[in-house]
Amino acid sequence: MSFEQTIKQVSSQIEDVLDILGQPIKPYLPALSRFLVVVTFYEDAIRMIVQWTDQRQYLEYHRNFPPVISHLFLLFNIISMSTFSSTLIAKRHINLSVSVLISVIVFQALGYGLMFDMVFFLRNLSIIGGLLLCLSESLLRSKKQSNQKSLFASLPTMASDTGRHPYFQLAGRILLVLLFLGFVFQGEWNLLRALVSLIGFAACVMVAVGFRAKWSASLLVTFLCIMNVFVNNWWAIYQSDYNRDVVKYNFFQCLSIMGGLLLLISIGPGHLSYDEKKKEY
């Protein structure tokens, strides 16, 4: 047995074990995934409400926003994040919800002057990847419903944009794993960090190309979960410490990226992936 065959056999066995272990939560995984994808928007909206004065003063004194614009900017973010996060969880107006939430990410990067912060940039690209997977799941579900209606009605269906979902899945997979690059750029290097980085990088490549994407995504979820608890433990920081908000923000952003990976586990890597291409031969 060749090395490649051995890898495939081992990975298949791992996927079978993961399927068995995940069977009890499988029906709830899509809803849980969508909630985790948008949880950072909920946290951000609450933080803006609680720290309204601080947020406004920062925009006005450090970003030179006129008072009226600073108020409108905060209101737009709060209303958009809370409203369209809820509609995405409820599977309503998915296209609009994803578009608005992506625009919120862009506007915040511009408004707070974080466009050239590499870690912030990569982390938010990963969250956009999770949102694109939500859109892909919605299009895939619409396609299945359309096929069922066509089957029962014995009528031809019109072409629609539901065929684009594999491209959103591909883009979502690639963007999701960019968070790992942010992890590589941060902190000091040691032997353990190098080992974790090597394993994580391999899993990221597998997710991006769609090779054994489900179990490689499961590995990344496990890695992020452990890292999030020990690195972004905002509950252990004093309330008066300014760094608490930063760590808390990072914590919820990691949760959102984990939600995207869980959604990838739920819906699969899509047609434009190594796993699917191998099935065709």
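Residues Ser266 and Ser33 bring no donor and acceptor atom of their side chains to less than 3.5 Å of each other. Between the side chains of Asp44 and Gln108, at least one donor N or O sits under 3.5 Å from an acceptor N or O. With hydrogens and angles left out, the side-chain atoms of Tyr58 and Ser70 include no donor and acceptor closer than 3.5 Å.
Tracing side-chain contacts under 4.5 Å through hydrophobic residues (I, L, V, M, F, W, Y), one reaches Leu114 starting from Ile257; they form part of the same cluster. In the hydrophobic clustering of ILVMFWY residues, with side-chain heavy atoms under 4.5 Å counting as a link, Ile79 and Ile46 come out apart. Under the 4.5 Å side-chain contact rule for hydrophobic residues, Val205 and Leu122 share a cluster. Phe230 and Val246 fall into different hydrophobic clusters, where Ile, Leu, Val, Met, Phe, Trp and Tyr side chains are chained together by heavy-atom contacts under 4.5 Å.
Under the rule for a side chain to side chain donor-acceptor pair (under 3.5 Å), the partners of Asp245 that lie at least two apart in sequence or sit in another chain are Gln51.
Partner Glu60 forms a side chain to side chain donor-acceptor pair (under 3.5 Å) with one of His62, Arg63, Arg56 and no other, that one being Arg56. For the pairing with Ser80, the side chain to side chain contact (heavy atoms under 4.5 Å, CB included) check across Val100, Leu75, Leu101 returns one residue only, Val100.
When all heavy atoms are compared, the tightest approach of Tyr42 to Ser85 is OH-C, 3.6 Å. For the residue pair Gly210 and Pro269, the shortest heavy atom distance occurs at CA-CB, 4.2 Å. Minimum interatomic distance between Leu29 and Leu262 (heavy atoms only, all atoms of both residues): CD2-O, 3.8 Å. The two residues Asn124 and Gln253 make their nearest non-hydrogen contact at OD1-NE2, 3.5 Å. Nearest approach of Ser218 to Ile265, heavy atoms of both residues: OG-CD1, 3.4 Å. Of all heavy-atom pairs between Phe76 and Ser103, the closest is CZ-OG, 4.2 Å.
Interatomic distance, CZ of Arg123 versus CG of Leu125, reported as 11.5 Å (0.5 Å rounding).
Membership of the apolar cluster around Leu72 extends to Val68, as traced through chained side-chain contacts below 4.5 Å between ILVMFWY residues.
Relative ring orientation between Tyr112 and Phe73 is described as perpendicular, the plane-to-plane angle rising above 60° on a 0-90° scale split at 30° and 60°.
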